[in-house]
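A short worksheet on the structure shown next.
Remember, predicted model here, so these are calculated numbers, not experimental data.
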Amino acid sequence: LHFALYYYSVQLLAGSCVSRCFYQLPPASLIQCVLQMKRSGKEFQGEGNSVAEFTEQIDSTLKQLANFTYARKLKQLDSSIDTSQFVSDEDYRKETIFELVRSESDENYDTALSLATHYAVPKRQLYFVYLAWILTESTSSSSVFPTKLDKRGTPSHLLENPSELSRNLQESVYPRLPGCDLGRLCYYYTLLQSCEERGAKIKLVRQKLNTTHS
């Protein structure tokens with residue numbers, strides 16, 4: 001893949017440079033030169049179709065390299081992840097990213113955010129998955145998880161859309177809340193109140209709490 005990237009970069013520069021001294025550049029430097037030109041919006045010279053084709057091939061190769069890098073990273077985090085399916089199956093990829101978020105590990109969380117950016121998974125969904133996991137499944141004490149949520153900016157991001165957050169809290173979180181955990185219940189209702197203060201219309205649902213947790 002690196003050789004392919006080098007080849008396409010050479011082809012683009014060959015049509016854009018009067019001097020051939022770029023051939024003397026180390027491959028990594030030459031590739032970076034082309035990528036910098038692309039980022040700055042500089043137009044490459046040459047036949048229109050060829051320029052478009054080589055530019056498209058560079059973008060495709062960069063995506064494949066990123067896929068390979070992320071696949072290797074995922075294997076390090078969890079050897080059970082099917083990296084081939086992760087690259088090819090959108091649903092599997094999305095659930096894998098969500099599963100990484102459901103963790104106390106900062107490394108897993110940061111990797112999930114990077115993956116979400118690369119694969120265009122809405123980060124708002126990640127924030128809510130993490131919030132729901134903290135409130136319903138995490139073993140963290142209810143006295144410390146507000147600090148964890150605030151550290152990652154979870155509430156502030158989600159409260160940008162208070163109506164959506166209040167709806168998701170009531171539909172997805174409330175039925176699974178540990179009914180005997182006063183700390184989690186208090187935090188849940190504090191979030192609902194914050195939604196209401198930001199204009200969300202709260203219609204409390206009548207559902208039984210999960211009382212199977214101790």
ask   = Phe145 and Tyr187: ring pair (Phe, Tyr, Trp, His ring centres under 6.0 Å), yes or no, with the steps?
value = CA-CA 10 Å; Phe145 70 68; Tyr187 191 81; 5.4 Å; yes

Closest non-hydrogen atom pair, [X] against [Y]:
X: Leu100; Y: Asn108; result: O-CB, 3.4 Å
X: Leu77; Y: Glu107; result: CD2-CD, 3.7 Å
X: Ala200; Y: Ser166; result: CB-OG, 3.9 Å
X: Ile97; Y: Ala116; result: CD1-N, 4.2 Å

Looking at [Y] and [X], is any side-chain nitrogen of the basic one under 4.0 Å from a carboxylate oxygen of the acidic one?
X: Lys148; Y: Glu104; answer: yes
X: Glu99; Y: Lys94; answer: no
X: Glu90; Y: Arg93; answer: no

ask   = Which word best sums up how the rings of Tyr174 and Tyr188 line up, parallel for under 30°, tilted for 30 to 60°, or perpendicular for over 60°?
value = tilted

key: Test side-chain contact (heavy atoms from CB on, under 4.5 Å) applied to Ser60 - qualifying residues, sequence neighbours left out   = Gln64

key: Partners meeting side-chain contact (heavy atoms from CB on, under 4.5 Å) with Thr69 (sequence neighbours left out)   = none

inquiry  = Before we go on, tell me: are the rings of Phe86 and Tyr70 under 6.0 Å apart, centre to centre?
reply    = no

Student check: side-chain heavy atoms of Val87 and Phe68 closer than 4.5 Å = no

message = Within the 4.5 Å heavy-atom criterion, are Leu35 and Leu62 side-chain neighbours or not?
response = yes

query = Which residues pass the side chain to side chain donor-acceptor pair (under 3.5 Å) test with Ser143, sequence neighbours left out?
reply = Ser141

query = Are Arg152 and Tyr109 in a cation-pi setup, meaning NZ or CZ lies under 6.0 angstrom from the ring centre and within 45 degrees of the ring axis?
reply = yes

query = Among the clusters formed by ILVMFWY side chains lying less than 4.5 Å apart, do Val144 and Leu191 turn up in the same one?
reply = no

task = Using modelled atom types only, decide if a donor and an acceptor are shared between the side chain of Arg198 and the backbone of Pro162 within a distance under 3.5 Å.
result = no

